[in-house]
Colleague: 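If you scroll down you'll find the structure; I have some questions about it.
Below, chain A is the first sequence line, B the second, and so on; all start at residue 1. Note that the structure is a prediction, hence the values are computed from the model and not measured.
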Amino acid sequence: MKAPLEGRHRWLTMPSTFAVIIGLLLAVAYAWVAIDFPVGTRLSLAVVLGVLAGVINFIGDGFEQRRLMPLRLIAEGTVSPTRPNLLGAARAVASVPELSFWLCCGFIAVGAITTAILWGFVAEVPLAIMLRVGFIGLAIAPITATLALLLTQRRARPLLKEIVAAGLPSSELHRGLPTSFVLRQRLVVFAAIAAATPLLLLVDLALARMRRLVDVLAVAKTESIPSLADQQHLEGVWPVVGLVALVLIVVSVSAWLSGSSLGQPLRELALETERLARGEHGEPPFIAAEYESLAASGALAGIETQLLSLLTPLGRAASSLGSTTHQLGATRGSSQRHALEAANGTTLELARSAKEIAASAQSVSEFARHTLDTAQSGRTSAEGFLAAMREVRRGNQAIADSVVRLNKRVQQVGRIIEFIDGIADKSDLLALNAELEGNKAGEVGRGFSLVAAEMRRLAESVMVSTREIGRLIEEIRDATNAAVMATEAGVKATDAGAALAQSVGAGLQKIVEFANQSSDAMQSISLATSQQQLGTDQLVGAMAEILRSTEASSAANAQMKSAHQHLLTLATDLKGTISTYEVRTEKEGAP
Amino acid sequence: MKRPVADAHGHLLFACGSSLYGVPADTASEVVNVPALTRVPGAPSHLLGVFAHRGEVLPVVDLSRLTGKPLEDTARRAVVVRTPRGAVALTATRVLGVSTLEGSFDRLGESGVHQHLRGPAHAEQGEVAVIDTQTFVEFLASAG
Amino acid sequence: MTASDHISGLVLCHAGGQRLAIPAQEVDAFEPAGEAARYAGAAFESDARAPADAKVLRHRELTLSVDRVEVFATPVPRLAVPSALSSSWGGALVCFVECAGELWPVVSLERLARGDGEAAR
């Protein structure tokens, strides 16, 4: 059988080589145009450069392959693709983009200095030119390293998904990957690099031309100075323009890559939330991302798992409610009437609470479905990035506002969770009192106490789940806040954030519009609940009246029977509500 | 002095802070969430206030203030205890449920509230001080 | 003639952020604020001080100052004082009533005055 992930360790490190080649070509093109080489030294520079570049690439590739050893062992079939091994490979893969960045940066910088020194001694060039060659290499290093990081990241993400498909559950992968909230810092650094690189190169070029002009004018005769000045000004204008364009293209491509790298996981997050809203549960898929976006996707996966665990005890409670009514129905005799009276009122309240919890859970999912229905239309890729840059400047503030509004909707979800938590707390209290009554009734009340104990367990597990969901909501909120701050920092320094702003902003705007529309659903929930509470009080009062006025025990038993019938129906309804959520525990299309 | 305790129906156990207490289940009427309380002028510090419940006025007593180890936050739940002398709601941070107890039921102290606590009794969850509800309610009436 | 389980004619008072009520028949007079009057808020929080615009109620030699007063004429049912509170404030608590959705302790100035007299002896 073919080993999974065959050859992937090589595939992942190809982009960094490609980036180094681009950087090298840029540096050479720049040096060719901008430096006045002494005669015959260009060739020796080319030779030294070529040799050093080959050595650097070899060493750097070696470092990367060593880091990817866990992946390579699986790919070559040396170790079996068990979960711990796959997790080790995934961690290695996730760490490679940043490793590429530092390797490229460090090695190119060292290589530039070494080239300058070696070539300087071999070709005996003046110190000034040696320094300039070294300087150009140092200036190119950061942008090349950034390009290497972004291109490697584009391959690392699908590779992580392949690892999940090879047998590592995505929830385990989320737990195993380190999370770091450094998105803002990374974007600031990137902005600095994108701004500084062209700036440094152009300043160097300008100074060099100024020096050349001064040299020429210093030895010229006075009357020929104006014409000489014009001549110098025009000389070599076209290569300079071409060079400037080349540098700007490299920077712009990096900006576009950075933008789509941020936007892609957010699109996938929206899709996954849609699926969740439709009630399709199962093992959450892995959404590849970095920094805050990874934490958000991990938080979403955690919410899916928690919802699953919330629904399972509800199903159990429905079964146990149905099965223990038989015990209650078997009681007879007027001597047990007191216990029956107390049991009847509290039983109804217990059943009502369980129904409220199920109804609220349903409302939450419907709300999510309506508000995220239009996430699909937010998918526009960043085409025409140069034109988009202008629009983004204007759109930046609108994005920050949109995400703030999104945060408010997240807060509303948080309030629903609080509401569910309140119901669970009341249920716990009711179950406590039921247990007490059951205990006082002695043998007769034993089955009743069992139901009450089960209800307490249900309420406790619901409260644990709601606490967990509340914590996860906080994580998502932090992640979106970090995204706002990172966007603002990036666009202020440079137009690099243009692509991200345009594609995400349009989608978010539509999400917010639909969120406004669905606030009606929220209001009707709270209205229905308070009406239900009123109805509960009236019903309990009416029940007490009925029982008090009845003399014959057979009449009281008849009431008890109908109440138990009601309970059975409620239990069946509850089961039916649970089963509408398709809980898929098998992975689709697993081999 | 050992007093045999009628344990036929068990004790309702609850925690007030780090201490566990028990009241005989026959005297425990119900468990409630502590609502907004009305303060009473000239009441002792352990009496947090009163509230109306099913047509009667119930006083709310914080055991932790009586034992001299007051809690930082107020407890959410209260256990309503009824005796022939009167009813009182005792605050609880957590109500554990009904259990049977074993152990001794001697007086745990000679002064203050400790005269009305019996034990140490043992339950699954730890050591429990059982409240002699009759004498405790009388003690509250005279301590004001 | 009101039934014995109702009470009519109450002066509803606020003092130090808390509530108490006094049977209207026991109030001999309302007086302007004075230093000598005992502040009802101190019965809730011992370091509470009367505000500048406090109202003073007089019953024989006893003066009691509060923050605000309001007269309530409608008869309301009495709620018994629980035994745990029978000796609060020297036994001055008479009963509880529910007014405007809130619970009010009803305090007798007569019993307070008598209690002061006994303490002095």
Colleague: Using a 6.0 Å cut-off, check whether atom CZ of B:Arg94 has over 12 heavy atoms from anything other than its own residue.
Modeller: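 Not buried by this count: 12 neighbours or fewer within 6.0 Å.
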Colleague: How many angstroms lie between atom CG of B:Leu96 and atom CZ of A:Arg456, to the nearest 0.5 angstrom?
Modeller: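 That separation rounds to 7.5 Å.
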Colleague: For the CG atom of A:Asn439 and the CG atom of B:Leu12, what is their distance to the nearest 0.5 Å?
Modeller: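 One finds 9.0 Å between CG of A:Asn439 and CG of B:Leu12.
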Colleague: Mind listing the closest non-hydrogen atom pair of B:Arg77 and A:Leu429 along with its distance?
Modeller: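 The pair with the smallest heavy-atom distance is CD-CD1, 3.6 Å.
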